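Here is the structure we will look at, set down as structure tokens.
Keep in mind that this is a model prediction, so the values were computed, not measured.
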Amino acid sequence: MHRSIGKRIRMDDPIPPEYDTNPMTPMTEGGDIQEPFTPYTPYSNHAQTPLHNPISSNASRHLDVAVSNFKMLVDEWIEQYKSHKESALLSLMQFFINGSGCRGKITSNMANNMEHAAIIRKMTEEFDEESGEYPLIMAGQQWKKFRSNFCDFVAHLVKQCQYSIIYDQYLMDNVISLLTGLSDSQVRAFRHTATLAAMKLMTALVDVALVVSVNLDNTQRQYESERQKTRDKRASDRLESLMTKRQELEENMDEIKNMLTYMFKSVFVHRYRDTLPEIRAICMAEIGVWMKKFHTNFLDDSYLKYIGWTLHDKVGEVRLKCLQALQPLYASEDLKGKLELFTSKFKDRIVAMTLDKEYDVAVHAVRLVISILKHHRDILTDKDCEHVYELVYSSHRAVAQAAGEFLNERLFVPDDEFANVHTKGGKRRLKNTPLIRDLVQFFIESELHEHGAYLVDSLIESNEMMKDWECMTDLLLEEPNPKYNEEPLDDRQETSLIELMVCCVRQAATGDAPVGRGPNRRIASMKEMKQVQDDKQRLTEHFIKVLPQLLDKYVADHDKLTNLLSLPQYFDLNIYTTSRREKDLDELLKKLQKIVDKHNDTEVLETCAKTLETLCCEENASIFTRCDVQRRTLIEKTIVDKYTESLDDWNNSLEAGVKPDDDETFNLVSSLKKIATFYSCHNMGQWNVWDTAYKTILEAQSNSPKAPPQEAVQYCMRACYFSLLWDLHHCEELAQSGAGTAVEDAVAETKGRLLRFMDSMEEMLKLEHCEEYKEEVCKRNCIMFILNFLNRKLTAPLPSSRQKNEDWQPLELYKTSLLHGESDSVSAATKKNYSRKNKKDMEEEHEELDIDNLSLDDNDFAAQHHFEENVPQRAAPTRKPKAKRPRTDAGPTTMINAGYEEQGQPLVQRPARQCTTRSLAYKYMDRYSDDDDSQSLM
């Protein structure tokens, strides 16, 4: 077999020109451009042939069955080969032809009288159909299994022939010659199949070489041991036998190396830049196996450079195979010395691949950089590391977590010298203290302070310090000891640490990744759910004790306080009773009341309201009574009473003819802000806030001198808005409980308030130089939700109360009266008897609807009990699919917004000047009215 082909390969050869523009062999009209030293004549002078002539179904089944029983097939073939080499070789050659999807048959006459190149040309002529499929790329489980069995067949064949047959200079010479010729074919099916077979054949030969190498080493040791014996103890026949065996093994090793070298230069060097990315990927995957297994022969710069060049491939799968080939090489401590030159030349490209557009490639690139960092730490510059640091904020979770592992290796290395450090109070510092300090400093220097949750998510599963709650709180509460030169945290570091700590608590207690990073509909496993429950229990047991201390220390800092106040929202509240920690609960509730009394910051108040809502949830029956009593006390004494007091002071000053001073104005605005904020989470209807708040709106509407500042009026609007939502919630509860006449009374009362409120809102829109009022009116345009609520109640599935023949006609009349008023004449179409609309009718009605895409964003109506002060205008998106009917036990805002989304309407904010409040209601209700005459409504 001709072996000495090709040119000398050097590591310092320049990158091939094709990698400057196109990292693959270009396909010309005439065919593939091949290396000049191929032993076969290229087919570039022949006409282009079709890609595939699909094998028949019977042939495919026969081929699949044969390959699936490859072990038995190999044994039978070896027996045939021992008795008749020519026929056995012919059947093996026919197998590779059929495995490519060709129905051509190699006859005995062809095998005996034709060169392999002529046989391949003859088989090419059998491709007379234009299908582009062949077994290796055909879809289906059957063909996936065929590919696996095909590779196993080649490996098993060489394994069974490794002791004699492969050295007979007949089998391997012919098989390698055939596969080399097929891999050089213009027919993609031949080229792909032969390349896979050739690469797997090389891998199998590598395994044989390893066995021969082991046997050779053992024989050499035995020979040296026998030779070193004294003459009288030395066995001459054994020494001669060992020498003969060693010589035979050396010849076998040389033979295998020659085969590998020939196939590498004849197949790999051509196909590693083939036009088909699947072929390039095969080459990169297999060369990595050779380097790992037979590193004495293949782990050399002359081979490594092919992987380095292919790192620039345009196809992500090929780049991925390159990285996967390099990964085990860098992970081995024994092989790192052979990678220094390769690392220095291709390090920049590997680092750049961490930003690859293919996420799988980026993940493996980061992991490869981690391996480089472990074994070649000095090669990576600070700039290289900074590229990877930034990836912890990536939107792709796998990339971010891989970057987190890099941070753990580069920055967060445990310091053994810190083991004996104590605080000023004598408490021993925990081992993660310096790591958490480094984490805080990294977060500050990254200057992405709004994305702490992303940093936490990148590290929480790979670094235990992210759940070391005691270490974090000790840094905040315990004073450092000057004896150990430990510096205290400055204000910025404390703020950052608290933010990161709260993010850690949130993710540990919920198991949810930050918005935009985690999967949308991922079902947690039982192991993950148990881990979340255990973490939630541990963090609750710790923070129950230390949270009041943290609130006391940072009570004057609203940024830190906002984060700390959110912690109870992630507690396992049952621990307060199971661990008999009711005193800690009472202390926390008192802290909340004190904070609400002293603070005026919007975020602090909103967080307090939400946390109190969590504590007062009826599902937590064990602490509900205690928390509800404290809530009533907080609302009544800290909020309502102070509001009444500040309002009286304001009015008294006006009646005395004195302009209220700044303190009186501040007290009034502050108390109204607290009312509006807490009203969003808690039903304050029993304190009759509506009357005074609505009166304030009327005073502002009439430009009365008694009217408070505009900010106070805005808070009054919000308070009235939430009051109406809670009233609606009350109406729904009454309807579900089957309270007949009580529903009518509640609806009538709500209707009266609603009409008065909407009239006032309409008048507020007419005021000049009051843009703040107009913006607030648009935000609080609750008539949209009122009408939607009524329509949903009338068209929703029948509740239990309606099954008792309860008359819901008052709600239908109320809906109509909102549109036409008490004395308006109602059109005939709206007077007809109520009839339920099925889903199809409502969808058709919605599709025919055209009201200028008018709707409001549910975020503007406190969908999460928060206020959005500046809502940008945006174009209306496409219609959303209908949502499921919300749970009947949902809170008022959730219930209304869920119902609104149920209609599937586009959400868009419209400027106040384009429509009045009542016209908004008319247009909205026209969607559900059967009256075709829209003019009668307007």
Side-chain angles (χ1 to χ4, degrees), residues 609 635 640 643 672 675-698 700-701 713-735 742-765 773 775-794 810-811 814-815 817-819 821 856-868 886 890-900 916-918 920-922 924-925:
I635 293 176
V640 178
Y643 165 62
L672 281 171
I675 285 179
T677 302
F678 273 77
Y679 224 145
S680 66
C681 299
H682 308 276
N683 189 355
M684 298 172 59
Q686 60 179 308
W687 286 280
N688 298 322
V689 178
W690 166 274
D691 296 332
T692 54
Y694 182 68
K695 182 180 178 181
T696 302
I697 295 175
L698 293 178
Q701 172 187 329
V713 177
Q714 287 179 271
Y715 289 130
C716 288
M717 293 179 185
R718 298 182 189 181
C720 292
Y721 161 75
F722 287 116
S723 177
L724 287 171
L725 291 184
W726 282 109
D727 289 345
L728 281 172
H729 184 53
H730 179 61
C731 292
E732 188 178 51
E733 288 179 338
L734 291 177
V743 177
E744 299 180 18
D745 296 339
V747 167
E749 182 180 358
T750 303
K751 171 188 173 181
R753 288 186 175 184
L754 173 63
L755 291 176
R756 295 196 303 272
F757 182 72
M758 297 311 298
D759 287 339
S760 299
M761 294 299 99
E762 186 173 356
E763 292 299 324
M764 297 292 281
L765 289 173
Y773 289 164
E775 180 181 356
E776 193 67 33
V777 168
C778 287
K779 288 182 179 181
R780 309 303 154 193
N781 232 324
C782 56
I783 185 64
M784 310 287 284
F785 293 101
I786 304 296
L787 293 175
N788 176 58
F789 165 75
L790 293 175
N791 185 75
R792 184 165 59 86
K793 295 303 296 182
L794 292 171
L811 288 181
Y814 172 40
K815 182 182 74 172
S817 67
L818 286 178
L819 290 173
L856 296 180
D857 194 335
D858 54 349
N859 290 333
D860 297 342
F861 291 86
Q864 300 175 357
H865 306 301
H866 292 289
F867 305 117
E868 298 290 343
T893 309
T894 304
M895 172 192 68
I896 296 301
N897 288 333
Y900 183 73
T916 64
T917 305
R918 191 175 294 276
L920 282 171
Y922 291 162
Y924 180 82
M925 199 56 208

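Ring planes of Phe678 and His682: parallel class, angle under 30° (limits at 30 and 60°).
Atoms CG and OG, on Leu755 and Ser760 in that order, are 10.5 Å from each other to the nearest 0.5 Å. The CZ atom of Phe757 lies 9.5 Å from the OH atom of Tyr721; values are rounded to the nearest 0.5 Å. To the nearest 0.5 angstrom, Asp759 atom CG is 10.0 Å from Leu698 atom CG. Note that CD of Glu732 and NE2 of His730 are 12.0 Å apart. Values are rounded to the nearest 0.5 Å. Atom CD of Gln714 sits about 8.5 Å away from atom CE of Met764, to the nearest 0.5 Å. Distance check, rounded to the nearest 0.5 Å: CZ of Phe722 to OG1 of Thr677 gives 8.5 Å.
Shortest non-hydrogen contact noted between Tyr679 and Val689 is CE1-CB, 4.3 Å. Across all their heavy atoms, Ala746 and Leu734 have their closest contact at CB-CD1, 3.7 Å. Contact detail for Ala719 and Ala676: the closest heavy-atom pair is N-CB, 4.3 Å. The shortest heavy-atom contact between Ile697 and Met761 is CG2-CE, 4.0 Å.
For the pair Asp691 and Lys695, the minimum side-chain heavy-atom distance is 4.5 Å or more. Side-chain contact between Thr692 and Tyr643: present, with at least one pair of heavy atoms (C-beta onward) separated by less than 4.5 Å. Residues His729 and Asn683 have side chains not in contact (no heavy-atom distance under 4.5 Å, counting atoms from C-beta outward). Counting heavy atoms from C-beta outward, Met717 and Val713 have side chains that approach closer than 4.5 Å.
For the side chain to side chain contact (heavy atoms under 4.5 Å, CB included) test, residues two or more places apart in sequence or in another chain that qualify with Arg753 are Trp690, Ser723, Leu724, Asp727, Glu749, Arg756. With sequence neighbours left out, the side chain to side chain contact (heavy atoms under 4.5 Å, CB included) criterion links Ala748 to no other residue.
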